[in-house]
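Written below as structure tokens is the structure these notes are about.
In what follows, every chain begins at residue 1, and chains take the letters A, B, ... in the order their sequences are listed. None of these values were measured; they are calculated from a predicted model.
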Amino acid sequence: MAKELTKREENYSQWYNELVVKADLAENSAVRGCMVIKPYGYAIWEKMQAALDKMFKDTGHVNAYFPLFIPKSFFSKEAAHVEGFAKECAVVTHYRLKNAEDGKGIVVDEDAKLEEELIIRPTSETIIWNTYKNWIQSYRDLPILCNQWANVVRWEMRTRLFLRTAEFLWQEGHTAHATKEEAIEETEKMLGVYAKFAEEFLAVPVIKGLKTENERFAGALETYCIEALMQDGKALQAGTSHFLGQNFAKAFDVKFLSNQGKQEYVWATSWGVSTRLMGALVMAHSDDNGLVIPPKLAPFHVVIVPIYKTDEQLTQISEKALEIKKLLEDKGLSVKFDDRTTHKPGWKFAEYELKGFPVRIAMGPRDLENGTVEIARRDTLTKEFVNAEGIDEYIVKLLDEIQENIYNKALKFRTENTFKADNWEEFVDVIENKGGFVSAHWDGTAETEEEIKNKTKATIRCIPLDSVEENGKCILTGKPSKKRVLFAKAY
RNA sequence: CGGGGUAUAGCGCAGUCCGGUUAGCGUAUCUGCUUUGGGAGCAGAGGGUCGCAGGUUCGAAUCCUGCUACCCCGACCA
């Protein structure tokens with residue numbers, strides 16, 4: 001029993017920390033707050049990237065790359081934006097090192113001080129809008145629909161693998177449009193892309209909504225988000241899409257000549273998802289045995305484990321196993337055949353469960369005789385013997401079923417953990433004793449939101465896009481409200 | 001950044017209070033034999049700058065000072 005995992009019920013956050021490390025997703029690095037994403041974890045991230053990248057391209061976007069360094073002066077051009085990020089920026093001040101005079105090690109060469117400090121991007125709006133200024137003259141140059149895959153740095157006080165690290169990987173889309181309507185449409189379209197990705201690939205149901213002023217992106221007029229519920233009843237923001245209005249166009253003086261012959265400021269959006277999605281994946285589906293990865297994001301769909309006593313049996317089983325592997329690969333599946341003789345079957349079973357392989361095939365001498373294989377599902381932990389004939393069709397169907405089951409399970413959990421509260425007592429009771437989403441009335445003021453946060457640690461996750469008009473009273477102040485908003489404690 | 005905790009073999013820990021042989025234990029690793037349908041058994045072997053840097057002392061894992069990293073709780077944040 002080399003890799004005992006803490007049970008979720010005993011200590012959820014310890015379970016998460018251990019699982020991320022033990023399943024080989026990531027580990028802490030020598031640099032404070034920064035993680036090493038290990039090959040297995042990175043393989044999942046690459047699957048996410050591939051799916052998202054395709055969705056971006058399918059909606060007309062192209063990839064580009066902008067610098068890691070941003071001149072300090074760019075940063076101060078948009079007031080709200082500076083305010084939002086100033087406290088967590090890493091700054092480059094020098095460009096050279098030299099040997100220390102006392103001969104002990106190496107020091108910063110004070111003579112190599114930069115004229116202007118460079119900020120390591122916490123996000124790229126400023127450098128990109130400085131660039132777009134040169135790209136845009138007329139309405140014919142619009143829209144610009146760029147995305148970049150990059151790393152960013154935000155100097156966080158308290159970090160956790162994937163959920164909040166000082167450096168993280170993400171994609172940031174930055175678009176420029178001739179009209180407000182088109183920019184808003186783009187913002188909403190990309191939110192839809194994220195929601196579709198979350199539900200179809202991550203198998204995590206999400207609520208689409210608008211952020212309140214408090215939670216809005218610094219520099220945006222409106223921030224849209226998708227919010228997911230984790231198994232411990234806390235919410236996780238899984239993606240954001242911002243309508244930036246003309247804030248950055250004005251800050252960087254980006255104008256275009258309209259088809260009416262008028263100089264106008266460009267309308268902007270930006271949108272992003274990060275390696276935080278890895279945290280969502282872990283916390284939404286996994287169990288006390290380890291990861292549960294939805295088939296559409298699993299680096300391997302199937303592992304085949306041979307069971308044998310003699311070398312001769314192994315040879316025979318391998319032959320059949322490789323046949324099956326080939327059949328499955330012809331269906332576009334990725335399959336691992338683990339014929340290592342250094343580990344026993346039981347060990348392998350536990351290992352692949354920990355790593356979340358959706359399907360395991362075990363084949364032994366009895367199966368060879370009967371023409372069967374044993375198939376184990378990771379999501380339900382059930383096993384059955386299946387005829388080896390037609391196994392490829394069977395597994396393809398099974399993987400679809402698993403993907404769907406994982407989603408339905410998460411949806412059921414969210415439904416069962418979403419509550420309505422109509423007064424303060426009910427609200428506090430749910431937040432403190434049950435967790436989950438709480439749908440409640442709010443008077444619309446930042447002060448009330450702040451006070452609720454101070455009293456209960458719950459924040460407004462979003463104003464759901466599909467929330468219906470309904471007359472009610474704010475749970476804290478009793479003032480009139482026309483809509484319910486969604487509260488939760490959040491990551 | 002504030003409060004608390006931790007740092008000893010790849011991993012998990014004991015030893016630290018009260019300084020004193022060659023720093024232990026479990027697990028993992030290596031070798032051999034037996035095993036193989038849910039984390040195998042026996043025998044043997046290898047593996048340590050005791051987080052880092054100073055200091056006290058005849059002598060430091062142990063006492064003192066500083067630093068670093070990680071974990072938990074707050075503030076901040078995606």
Side-chain angles (χ1 to χ4, degrees), chain A residues 1-6 11-14 16-18 21-22 27-35 83-89 104-105 122-123 152-170 172 194 211 214-218 223 225-228 235-242 270-280 289-290 305-311 313-314 317 339-354 360-370 372-376 381 383 385 453-454 457 459 461 490-491:
Chain A
M1 301 293 249
K3 291 185 174 177
E4 268 302 326
L5 197 58
T6 298
N11 187 335
Y12 191 83
S13 74
Q14 194 178 331
Y16 174 84
N17 292 338
E18 283 181 11
V21 171
K22 288 183 176 174
E27 62 189 31
N28 281 304
S29 70
V31 186
R32 180 196 193 105
C34 296
M35 64 180 161
E83 176 84 10
F85 286 106
K87 284 169 289 183
E88 48 188 46
C89 286
K104 289 177 185 166
T123 178
V152 287
V153 168
R154 296 179 188 175
W155 212 260
E156 296 291 347
M157 295 303 166
R158 203 169 148 191
T159 58
R160 275 185 91 189
L161 293 175
F162 290 120
L163 297 174
R164 178 165 294 109
T165 46
E167 180 192 14
F168 58 89
L169 305 183
W170 77 344
E172 46 181 326
Y194 289 154
K211 284 295 188 191
N214 280 351
E215 304 268 329
R216 193 177 293 155
F217 174 73
T223 288
C225 63
I226 52 171
E227 293 284 329
L236 183 85
Q237 177 176 305
T240 50
S241 183
H242 313 290
S270 68
W271 27 272
V273 294
S274 71
T275 35
R276 194 177 221 208
L277 289 174
M278 295 287 293
N289 289 351
V305 177
I307 291 153
Y308 56 92
K309 285 199 170 70
T310 64
D311 284 353
Q313 282 174 338
L314 177 59
I317 291 162
D339 60 349
R340 286 178 297 173
T341 53
T342 48
H343 295 281
K344 296 186 54 172
W347 189 92
K348 293 175 185 174
F349 292 174
E351 180 69 9
Y352 293 112
E353 270 163 25
L354 179 66
R360 179 184 73 231
I361 299 178
M363 294 175 61
R366 288 208 298 273
D367 293 304
L368 278 193
E369 267 176 45
N370 302 335
T372 57
V373 295
E374 184 198 70
I375 292 188
L381 292 169
K383 294 191 280 199
F385 286 94
K453 183 183 172 184
N454 291 338
K457 288 186 192 164
T459 50
R461 299 324 304 150
Y491 276 97

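- Of all nucleotides listed (B:rA78, B:rG39, B:rG37), B:rA78 comes nearest to the side chain of A:Arg276.
- A:Arg32 comes within 4.0 angstrom of sugar-phosphate atoms only, judged by non-hydrogen atoms across all strands, and of no base.
- If you take atom P in B:rC42 and the same atom in B:rG26, they sit 12 Å apart, rounded to whole Å.
- In this structure, CD of A:Glu27 is placed 16 Å from C1' of B:rC71, rounded to the nearest angstrom.
- Among the nucleotides B:rC70, B:rG37, B:rC76, the one closest to the side chain of A:Met157 is B:rC76.
- Under the 3.5 Å distance criterion, with hydrogens and angles disregarded, no donor-acceptor pair is assigned to the side chains of A:Thr6 and A:Asn11.
- Between the side chains of A:His242 and A:Thr223, at least one donor N or O lies within less than 3.5 Å of an accepting N or O.
- In this entry the distance linking CD of A:Gln14 with P of B:rC70 reads 17 Å, nearest Å.
- Distance, A:Glu88 CD to B:rA78 C1': 9 Å, rounded to whole Å.
- Not a single donor-acceptor contact under 3.5 angstrom links the side-chain atoms of A:Lys344 to the base of B:rG41.
- Qualifying ring pair (Phe, Tyr, Trp, His ring centres under 6.0 Å) partners for A:Tyr12, counting only residues two or more places apart in sequence or in other chains: A:Trp15.
- Annotation: B:rU57 and B:rG20 have their C1' atoms spaced 12 Å apart (nearest Å).
- Nucleic acid contact class of A:Asn17 (heavy atoms, under 4.0 Å, all strands): sugar-phosphate only.
- Between A:Thr159 and A:Gly346, it is A:Gly346 whose nearest contact on RNA chain B lies nearer the 5' terminus.
- For A:Tyr16 (side chain) and A:Arg160 (main-chain N/O), no donor-acceptor pair under 3.5 Å exists by modelled atom type.
- Residues A:Ser29 and A:Phe162 both approach RNA chain B. Their nearest nucleotides, taken by heavy-atom distance, put A:Ser29 toward the 5′ side.
- The CD atom of A:Gln313 sits 13 Å away from the P atom of B:rU35 (whole-angstrom rounding).
- Nucleic acid contact for A:Phe85: none, since no nucleic acid atom lies under 4.0 Å from a heavy atom of the residue.
- Going from atom NZ of A:Lys87 over to atom C1' of B:rC76 covers 7 Å, rounded to whole Å.
- A sub-4.0 Å separation between OP1 or OP2 of B:rC73 and a side-chain N or O of A:Arg158 is present.
- Figure legend. B:rA60 is base-paired to no nucleotide; pairs are counted as Watson-Crick or G-U wobble with both atom distances under 3.5 Å.
- Within the shown strands, B:rA7 is the pairing partner of B:rU68 under the Watson-Crick or G-U definition, both distances less than 3.5 Å.
- With a 3.5 Å ceiling on both atom-pair distances, B:rC18 lacks any Watson-Crick or G-U wobble partner.
- Distance from the side chain of A:Pro365 is smallest for B:rG37 among the nucleotides B:rA78, B:rG37, B:rG38.
- Separation of atoms NE2 (A:His343) and CZ (A:Phe349) is listed at 14.0 Å; rounding is to 0.5 Å.
- Rounded to whole Å, atom P of B:rG39 lies 16 Å from atom CZ of A:Arg340.
- Across B:rU36, B:rG37, B:rA78, the shortest atom-to-atom separation from the side chain of A:Arg154 is found for B:rA78.
- Residue A:Lys383 is in base contact, counting any heavy-atom pair closer than 4.0 Å across all strands shown.
- Using a 4.0 Å heavy-atom cutoff across all strands shown, A:Glu353 reaches at least one base atom of the nucleic acid.
- A:Gln237 pairs with exactly one of A:Arg276, A:Lys211, A:Glu215 by the side-chain hydrogen bond (donor to acceptor under 3.5 Å, both in side chains) rule, that one being A:Lys211.
- Nucleic acid contact for A:Thr165: base, since at least one base atom lies under 4.0 Å from a heavy atom of the residue.
- In this structure, B:rA43 and B:rU31 make a Watson-Crick or G-U wobble pair, each of the two defining distances being under 3.5 angstrom.
- Using a 4.0 Å heavy-atom criterion, one finds that A:Gly279 contacts no nucleic acid atom at all.
- Contacts of A:Phe168 with the nucleic acid, taken as non-hydrogen atoms under 4.0 Å apart, include base atoms.
- Note on A:Ser13: only backbone sugar-phosphate atoms sit closer than 4.0 angstrom, heavy atoms only; bases stay farther off.
- Taking atom OH of A:Tyr491 as the reference point, atom P of B:rC76 lies 18 Å away to the nearest angstrom.
- What separates CG of A:Asn28 from C1' of B:rG10 is a distance of 17 Å, to the nearest Å.
- In this structure, the side chains of A:Glu88 and A:Met157 stay at 4.5 Å or more apart for every pair of heavy atoms.
- Between B:rG15 and B:rC73, the distance separating the two C1' atoms is 30 Å to the nearest Å.
- For the pair A:Arg360 and A:Glu353, the salt-bridge criterion is met [side-chain N within less than 4.0 Å of a carboxylate O].
- For B:rA23, there is no paired nucleotide, since no Watson-Crick or G-U wobble pair has both relevant distances below 3.5 Å.
- Note on A:Leu163: a base of the nucleic acid sits closer than 4.0 angstrom, heavy atoms only.
- Among the protein residues, A:Glu156 comes within range of the nucleic acid bases, having at least one heavy atom under 4.0 Å from a base atom.
- Applying the Watson-Crick and G-U wobble criteria (two distances, each under 3.5 Å), B:rG2 pairs with B:rC73.
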